[in-house]
Amino acid sequence: ISAETAAEMESVLHALSGYGLKIVFTLAHQAGKVAASLKAAHASVVFGEFTRESSMAIYDIDFKQIVDMAKSGVEVCLSMLAPDMVYGRESYWWTVAKLMKGGADDKMVLKMLGENPAKLYGVADRIGMIKPGLDADLVIYDGNPIKEVGARLLVTMINGTTVYSA
């Protein structure tokens with residue numbers, strides 16, 4: 001459900017309470033402001049791009065609230081989704097930088113990028129983590145791509161087969 005403001009999310013949570021539905025909000029810029037309600041409803045949040053300063057100002061986005069919400073148990077996912085288009089990897093880096101400034105660490109960010117979306121879409125038995133028995137879909141960089149914008153992609157593997165090598 002696309003709901004950008006706290007009021008929209010609260011309205012949806014209220015309207016759908018009692019139906020036993022799994023609620024997932026996208027573009028939920030003000031989710032941090034209703035974290036307790038999201039947690040109580042077992043709702044998940046898929047955040048898109050946070051690179052536009054106008055969005056930051058309009059929605060009064062607080063990245064510490066988002067990090068605290070994730071730490072409290074609300075399933076938070078990152079995507080390149082935007083209201084009018086999909087952005088590139090630079091959007092990820094800016095969003096990750098803002099989350100890290102708000103208190104996220106590498107492990108939390110990786111969970112938001114891999115494990116949480118896999119659970120949300122029902123494919124965690126195949127992807128989302130690196131562990132025995134799961135598909136070996138991997139990317140290998142020459143540095144930490146979460147912290148280093150200039151990290152270069154060296155290898156991409158799908159199902160354990162190298163499909164790209166620098």
Side-chain angles (χ1 to χ4, degrees), residues 1-4 9 12-13 15-29 31-32 34-50 63 65-83 85-100 102-148 151-166:
I1 299 167
S2 179
E4 298 180 5
M9 286 175 265
V12 169
L13 290 172
L16 298 179
S17 67
Y19 288 98
L21 298 172
K22 172 65 176 167
I23 300 170
V24 180
F25 288 108
T26 62
L27 301 173
H29 297 304
V34 294
S37 297
L38 294 171
K39 184 176 181 182
H42 304 287
S44 299
V45 179
V46 180
F47 286 110
E49 68 88 29
F50 288 114
F63 288 91
Q65 284 180 334
I66 294 169
V67 170
D68 290 345
M69 180 176 60
K71 287 179 180 177
S72 79
V74 174
E75 198 167 76
V76 175
C77 307
L78 297 180
S79 77
M80 291 189 280
L81 184 66
M85 63 186 292
V86 175
Y87 286 77
R89 66 181 186 164
E90 289 78 10
S91 176
Y92 272 136
W93 281 310
W94 284 111
T95 299
V96 167
K98 290 172 183 177
L99 287 167
M100 293 185 98
D105 60 13
D106 292 9
K107 186 175 179 180
M108 178 183 282
V109 170
L110 285 173
K111 193 172 181 178
M112 290 176 178
L113 289 168
E115 183 179 343
N116 288 353
K119 284 195 288 189
L120 182 68
Y121 293 111
V123 293
D125 61 329
R126 292 187 22 246
I127 63 172
M129 294 178 285
I130 300 172
K131 71 180 206 181
L134 299 187
D135 294 356
D137 296 341
L138 305 169
V139 289
I140 301 170
Y141 288 84
D142 67 355
N144 182 344
I146 292 174
K147 293 183 177 178
E148 302 169 32
R152 290 182 325 108
L153 178 64
L154 299 176
V155 176
T156 301
M157 297 174 70
I158 299 176
N159 287 324
T161 302
T162 300
V163 296
Y164 171 81
S165 182

Measure the spacing between [atom1] of [X] and [atom2] of [Y] and express it to the nearest 0.5 Å.
{"X": "E4", "Y": "T26", "atom1": "CD", "atom2": "OG1", "answer": "8.5 Å"}
{"X": "I140", "Y": "S165", "atom1": "CD1", "atom2": "OG", "answer": "9.0 Å"}
{"X": "M157", "Y": "T162", "atom1": "CE", "atom2": "OG1", "answer": "4.5 Å"}
{"X": "I66", "Y": "L78", "atom1": "CD1", "atom2": "CG", "answer": "9.0 Å"}
{"X": "S79", "Y": "M112", "atom1": "OG", "atom2": "CE", "answer": "12.5 Å"}
{"X": "I146", "Y": "D105", "atom1": "CD1", "atom2": "CG", "answer": "9.0 Å"}

Can you give me the closest heavy-atom contact between [X] and [Y], atom names plus distance?
{"X": "G143", "Y": "E148", "result": "CA-OE1, 3.6 Å"}
{"X": "E75", "Y": "S44", "result": "OE1-OG, 3.2 Å"}
{"X": "Y19", "Y": "A15", "result": "CE1-O, 3.5 Å"}
{"X": "L153", "Y": "A166", "result": "O-CB, 3.7 Å"}
{"X": "M9", "Y": "A31", "result": "CE-N, 3.4 Å"}
{"X": "P117", "Y": "K111", "result": "CD-O, 3.7 Å"}

Any side-chain heavy-atom pair from [X] and [Y] closer than 4.5 angstrom?
{"X": "I1", "Y": "L16", "result": "yes"}
{"X": "V139", "Y": "V155", "result": "no"}
{"X": "L13", "Y": "F25", "result": "yes"}

Verify the neighbour count for atom [atom1] of [X]: are there more than 12 heavy atoms of other residues, nucleotides or ligands below 6.0 Å?
{"X": "K107", "atom1": "NZ", "result": "no"}
{"X": "Y164", "atom1": "OH", "result": "yes"}
{"X": "I130", "atom1": "CD1", "result": "no"}

(request) Show the numbers, then the answer: is there a side chain to side chain contact (heavy atoms under 4.5 Å, CB included) between L99 and F47? (result) CA-CA 11 Å; L99 287 167; F47 286 110; over 6 Å; no
(request) Apply side chain to side chain contact (heavy atoms under 4.5 Å, CB included) to the pair V24 and V45, showing each step before the final yes or no. (result) CA-CA 6 Å; V24 180; V45 179; over 6 Å; no
Using modelled atom types only, decide if a donor and an acceptor are shared between the side chain of [X] and the backbone of [Y] within a distance under 3.5 Å.
{"X": "N116", "Y": "V76", "value": "yes"}
{"X": "K71", "Y": "A104", "value": "no"}
{"X": "D137", "Y": "N159", "value": "yes"}

(message) Between M100 and D106, is the side chain to side chain contact (heavy atoms under 4.5 Å, CB included) condition met? List the steps.
(response) CA-CA 8 Å; M100 293 185 98; D106 292 9; 3.0 Å; yes
(request) Sorted by first residue and then second, give each salt bridge (charged side-chain N to carboxylate O under 4.0 Å, His left out) pair with at least one member in residues 37-46; sequence neighbours left out. (result) none
